[in-house]
Novice: 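Mind looking over this structure? Questions follow.
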Amino acid sequence: MGLPQSGLWVKKLWVLLEVAVHVVVGKVLLILFPDRVKRNILAMGEKTGMTRNPHFSHDNWIPTFFSTQYFWFVLKVRWQRLEDTTELGGLAPNCPVVRLSGQRCNIWDFMQGNRPLVLNFGSCTPSFMFKFDQFKRLIEDFRSIADFLIIYIEEAHASDGWAFKNNMDIRNHRNLQDRLQAAHLLLARSPQCPVVVDTMQNQSSQLYAALPERLYVIQEGRILFKGKSGPWNYNPEEVRAVLEKLYS
């Protein structure tokens with residue numbers, strides 16, 4: 001549940017200090033012990049698939065750690081998680097979203113009776129795109145008993161933000177048209193389920209604490225499964241386990 005406003009600001013200040021110390025110490029260690037720090041980052045990259053992603057070499061992303069852009073993005077993510085309003089068994093926020101046609105609707109509009117609805121929050125980040133085929137296999141295997149929705153949110157690695165080399169050249173979305181245009185890139189991957197975009201107020205991303213990517217399963221308006229935060233813990237196979245258990 002959300003924190004009281006006064007407590008929230010105290011938490012935000014504490015997180016600001018934590019992130020600042022993390023970045024400064026990380027930068028110093030990267031300079032003094034580059035090989036050891038790179039091994040640690042590679043170990044984390046194993047969880048996201050970055051080390052197995054053929055489109056990225058180590059030099060495309062490791063040097064971006066502990067930069068100014070890295071600091072601001074990590075701070076934004078950590079602050080957003082403080083305002084997470086979702087909990088297992090609780091009501092799923094019925095946030096407004098926008099179809100790729102420009103038509104406005106709400107998340108609950110995609111629920112059909114008592115069928116579970118899988119929500120996949122993300123953007124054209126390397127980890128999200130690398131595991132996109134896993135998500136498509138989920139749709140193929142469970143489309144007869146569940147529904148699926150991709151919610152395209154703000155860019156985690158925008159070309160004018162915390163950018164990785166050799167990544168898609170997408171700038172931070174300045175208006176809804178920018179976000180819709182970026183989301184259209186997913187259509188080339190044949191998602192096999194509806195794709196919508198978050199509003200420019202980032203309402204669904206904030207209420208579901210979804211930045212940079214996250215998975216949920218909701219049923220009859222309540223949260224049945226709440227995936228861990230990406231990128232390190234973004235795992236479509238956890239949704240598979242939930243759906244298999246639900247219908248075993």
Novice: Give the ring-plane orientation class for Phe164 versus Phe56, where under 30° counts as parallel, over 60° as perpendicular and anything between as tilted.
Specialist: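 Geometry flag for Phe56 against Phe164: perpendicular rings.
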
Novice: Taking the inter-plane angle between the rings of Tyr216 and Phe121 on a 0 to 90° scale, is it parallel (under 30°), tilted (30 to 60°) or perpendicular (over 60°)?
Specialist: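 If you compare the ring of Tyr216 with that of Phe121, the planes turn out perpendicular.
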
Novice: Grab the two heavy atoms, one from Phe148 and one from Cys193, that are nearest each other, plus how far apart they are.
Specialist: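 That closest heavy-atom pairing would be O-CB, 3.5 Å.
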
Novice: Do Ile170 and Ser159 come close enough that some side-chain heavy atom pair is under 4.5 Å?
Specialist: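 Not in contact.
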
Novice: Let me see the working for Ile218 and Ile107 under side chain to side chain contact (heavy atoms under 4.5 Å, CB included), right down to the final yes or no.
Specialist: CA-CA 10 Å; Ile218 64 177; Ile107 288 176; 4.2 Å; yes

Novice: Taking the side chain as C-beta and beyond, is there a heavy-atom pair between Lys226 and Arg214 under 4.5 Å?
Specialist: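 Of all side-chain heavy-atom pairs linking Arg214 with Lys226, at least one is under 4.5 Å.
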
Novice: Assess whether a salt bridge exists between Arg115 and Glu220, defined as any Lys/Arg side-chain N lying under 4.0 Å from an Asp/Glu carboxylate O.
Specialist: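 No, no charged N to carboxylate O under 4.0 Å.
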
Novice: Would Tyr152 and Asn120 count as a side-chain hydrogen bond (donor to acceptor under 3.5 Å, both in side chains) if you check the C-alpha gap in whole Å, the side-chain angles of each, and the deciding distance to 0.1 Å?
Specialist: CA-CA 8 Å; Tyr152 199 103; Asn120 189 11; over 6 Å; no

Novice: Would you call Arg240 and Glu237 a salt bridge, using N to O less than 4.0 angstrom?
Specialist: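 The answer is yes: the pair qualifies as a salt bridge.
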
Novice: So do Met129 and Leu186 actually touch side chain to side chain, heavy atoms under 4.5 Å?
Specialist: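 Counting from C-beta outward, Leu186 and Met129 do come under 4.5 Å.
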
Novice: With a 4.0 Å cut-off, would you call Asp59 and Lys38 a salt bridge?
Specialist: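 So Asp59 does not pair with Lys38 through a salt bridge.
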
Novice: Check the side chains of Asp198 and Tyr208 for a donor-acceptor pair under 3.5 angstrom, ignoring hydrogens and angles.
Specialist: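 There is no such pair between these side chains.
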
Novice: Tell me whether the rings of Tyr70 and Trp162 are parallel (<30°), tilted (30 to 60°) or perpendicular (>60°).
Specialist: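 Perpendicular.
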
Novice: Hey, any chance Trp108 and Leu207 share a hydrophobic cluster, counting ILVMFWY side chains that come within less than 4.5 Å of each other, even indirectly?
Specialist: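 No; tracing contacts between hydrophobic side chains, which count when under 4.5 Å, never links both residues.
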
Novice: Atom CE in Met168, atom OG in Ser123: separation rounded to 0.5 Å?
Specialist: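 Spacing of CE (Met168) from OG (Ser123) equals 10.0 Å.
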
Novice: Please tell me whether Phe66 and His22 form a close aromatic pair, meaning their ring centres lie under 6.0 Å apart.
Specialist: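 Yes; His22 has its ring centre under 6.0 Å from that of Phe66.
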
Novice: Show the numbers, then the answer: is there a salt bridge (charged side-chain N to carboxylate O under 4.0 Å, His left out) between Arg174 and Asp160?
Specialist: CA-CA 12 Å; Arg174 288 168 173 75; Asp160 56 346; 2.9 Å; yes

Novice: With a 4.0 Å cut-off, would you call Arg179 and Glu155 a salt bridge?
Specialist: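 No salt bridge links Arg179 with Glu155.
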
Novice: Considering residues, nucleotides and ligands other than Trp232, do more than 12 of their heavy atoms fall under 6.0 Å from its CH2?
Specialist: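 Yes, CH2 of Trp232 has more than 12 neighbouring heavy atoms, counting only those of other groups under 6.0 Å.
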
Novice: Can you measure from CD (Gln80) to CG (Asn202) and round to the nearest 0.5 angstrom?
Specialist: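 Nearest 0.5 Å value for the CD-CG distance: 7.5 Å.
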
Novice: Which value, rounded to the nearest 0.5 Å, describes the distance between Asp147 atom CG and Gln112 atom CD?
Specialist: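 Here the interatomic distance stands at 4.0 Å.
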
Novice: Parallel, tilted or perpendicular: which one describes the rings of His58 and Trp61, with boundaries at 30° and 60°?
Specialist: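 Aromatic pair His58/Trp61 classed perpendicular.
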
Novice: Would you say that Arg52 contacts Glu46 through its side chain, given a criterion of any heavy-atom pair below 4.5 Å between the two side chains?
Specialist: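 In contact.
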
Novice: Tell me, please, whether Trp9 has Lys12 positioned over its six-membered ring: NZ or CZ under 6.0 Å from the ring centre and within 45 degrees of its axis?
Specialist: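 Yes.
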
Novice: Should Asp178 and Arg171 be marked as a salt bridge (charged side-chain N to carboxylate O under 4.0 Å, His left out) after you check the CA-CA gap, both sets of side-chain angles, and the distance that decides it?
Specialist: CA-CA 8 Å; Asp178 286 349; Arg171 296 173 62 85; over 6 Å; no

Novice: Atom OG1 in Thr199, atom CD in Gln206: separation rounded to 0.5 Å?
Specialist: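 Separation between the atoms: 8.0 Å.
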
Novice: I need the Arg189 CZ to Ile150 CD1 distance, nearest 0.5 Å.
Specialist: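 Answer for the CZ-CD1 pair, Arg189 versus Ile150, is 10.0 Å.
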
Novice: How far apart are the C-alpha atoms of Lys76 and Glu154, what are their side-chain angles, what is the distance that settles it, and do they pass the salt bridge (charged side-chain N to carboxylate O under 4.0 Å, His left out) test?
Specialist: CA-CA 12 Å; Lys76 178 191 289 189; Glu154 61 184 296; 2.8 Å; yes

Novice: Got a donor-acceptor contact below 3.5 angstrom from the Lys131 side chain to the Tyr234 backbone?
Specialist: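 Yes.
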
Novice: Just checking, any donor-acceptor pair under 3.5 angstrom between side chains of Thr125 and Glu213?
Specialist: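 Their side chains do contain a donor-acceptor pair, which is all the 3.5 Å distance test asks for.
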
